[in-house]
There are 2 protein chains.
Amino acid sequence: MSAANTKAPARRPKGEIARERLKTAAIAVLDRVGYHQMRIKDVTSEAGVAAGLFHHYYSDLKTLVEEILEEYIAVFEATETIERDVSKGDWFNRLRSHYEISVHSHAEHPGIMRCINQFCADDAGFRSRWQESYNQRLQLLADVFPFIFPDSALNASEARMMVRALGGIGQDVLREYYIEGNPRLVGLQLAEPELAEWLAALFYRGLFARNPPRSQLRHAGKILSLQR
Amino acid sequence: MSAANTKAPARRPKGEIARERLKTAAIAVLDRVGYHQMRIKDVTSEAGVAAGLFHHYYSDLKTLVEEILEEYIAVFEATETIERDVSKGDWFNRLRSHYEISVHSHAEHPGIMRCINQFCADDAGFRSRWQESYNQRLQLLADVFPFIFPDSALNASEARMMVRALGGIGQDVLREYYIEGNPRLVGLQLAEPELAEWLAALFYRGLFARNPPRSQLRHAGKILSLQR
DNA sequence: ATTATTATTGAATTTGGATTCAAGATCAAT
DNA sequence: ATTGATCTTGAATCCAAATTCAATAATAAT
């Protein structure tokens, strides 16, 4: 009798399946109750296994959640290849592509993103892991300052602060929009590409002190009316 | 014998003093270990009183910390009268004055600000309390959009998103600079008025898509070199 | 089919910390 | 000085949740 008619065609060791079930369950609980209220019992119940089984696979909740977050961070980092599609010098679309990833991550996994924020606030080790990843993205931009602005009087640290500050534009809105579901923002009913474009346009204005090229704006054209 | 030579000239009921000692201790512990690792024992030890005394004054840590945060929030809110000094139409200095308050709060009480962030993430009730306060400040700006931008095509909600997004500029940098002590930023050694001006200038660029008036810049003049 | 290994259960135990409380100390009022 | 009220102590108790573990079930190896 072949294995073709079983549920798991690529037969994996049984333990791996349970491990996966626990992870999936933990993600659901993270979304529902958040990290700080999460209990081991919540996870095992959600996974439909006995409480004791948890410790067969993980030593504690933190370990499990870190494993989950690590996977997602890896995804974010891998997706950065998207920049390759953008033609050199097309700064607006470069910003847009970064925001699209970021918006999508938040829309898809608000519970995970919230958890990343919480871990950053509570755990110095995780925090530097995450910041390194975030900083690397920002650095891409800071590095080309001398090229973008031939007359730039900023040193490397100042350029870094500048992009860091502008990066805050996305951080806050995405948290409010997707994680906290701030009704004042959610009421706008923005689709992912729209929000990404708005954020990119605002970043662009802060960066270049001018509006993005009209021809590139597909959703946020209204921003051009903010001029005087 | 008069009370003039006692330590507490304005004699207060004994209970009030202990209550105050607990609050002061809690603030110290918040700064040192943060809200989530804080234990009742930490607070009573810091205050130099017996563990059991805590419950004579507070039912739990959350109650105590909420009382502390409420006091600080009240301070932030009261300080908003600072806007009165700014002449009408002087947008850059209006932004600057807001950032000065915000920078100062973070510099002075990083532990409190971190705690506010944590409470916002964990407690929906506190979150809306804080957001209301924050939003009110942003709304001041959103309300004058039609005046600033006579040709604005944005509706009220869109204007709100715009200022909200720009507001993120400060949120993130202040957290990194004062709360987390991100070495990449702290290395810049910026005094409060300098940082406030940088942030105001960036906000201004995002808002107006142009540089702030050269004559207003006292510390961040370099930002004018980012132009092309 | 038998054996060895690994997975799973859930009741029992341990743990960290909150909470209670009886007893003693301090204070204010008379 | 006495009384009653309030403050303070710290050991005893309680509790929710983590953790262990002996027993059983499932699976893989021979």
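By convention in this document, chain letters (A, B, ...) are assigned in the order of the sequence lines, proteins followed by strands, and residues within each chain are numbered from 1.
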A/Gln37 has an atom CD; how far is it from atom P of D/dA18, in whole Å? 13 Å
Rounded to the nearest Å, what distance is computed from the CD1 atom of residue B/Ile17 to the C1' atom of nucleotide D/dC7? 12 Å
Protein-proximity profile, nucleotides 8-20 of chain C, B/S/- by nucleotide at the 4.0 Å heavy-atom cutoff, equals BBB------SSBB
Return a table of donor-acceptor pairs under 3.5 angstrom between the side chains of residues 62-70 of chain B and protein atoms on other chains or two or more places apart.
from    : atom 1 : to       : atom 2 : distance (Å)
B/Lys62 : NZ     : B/Asp123 : OD2    : 2.7
B/Thr63 : OG1    : B/Ser59  : OG     : 3.2
B/Thr63 : OG1    : B/Asp60  : OD1    : 2.5
B/Glu67 : OE1    : B/Arg19  : NH1    : 3.4
B/Glu67 : OE2    : B/Arg19  : NH1    : 3.4
B/Glu67 : OE2    : B/Lys23  : NZ     : 2.9
B/Glu67 : OE2    : B/Tyr58  : OH     : 3.4
B/Glu70 : OE1    : B/Arg129 : NE     : 3.2
B/Glu70 : OE2    : B/Arg129 : NE     : 3.3
B/Glu70 : OE2    : B/Arg129 : NH2    : 2.7

Can you name the salt bridge (Lys or Arg N to Asp or Glu O under 4.0 Å) partners of A/Lys41, sequence neighbours left out? none
Those residues that, when tested against A/His55, pass ring pair (Phe, Tyr, Trp, His ring centres under 6.0 Å) (two or more places apart): none
Quick one: list whatever passes ring pair (Phe, Tyr, Trp, His ring centres under 6.0 Å) with B/Tyr178, sequence neighbours left out. none
Among all residues two or more places apart in sequence or in another chain, which pass the salt bridge (Lys or Arg N to Asp or Glu O under 4.0 Å) test with A/Arg21? none
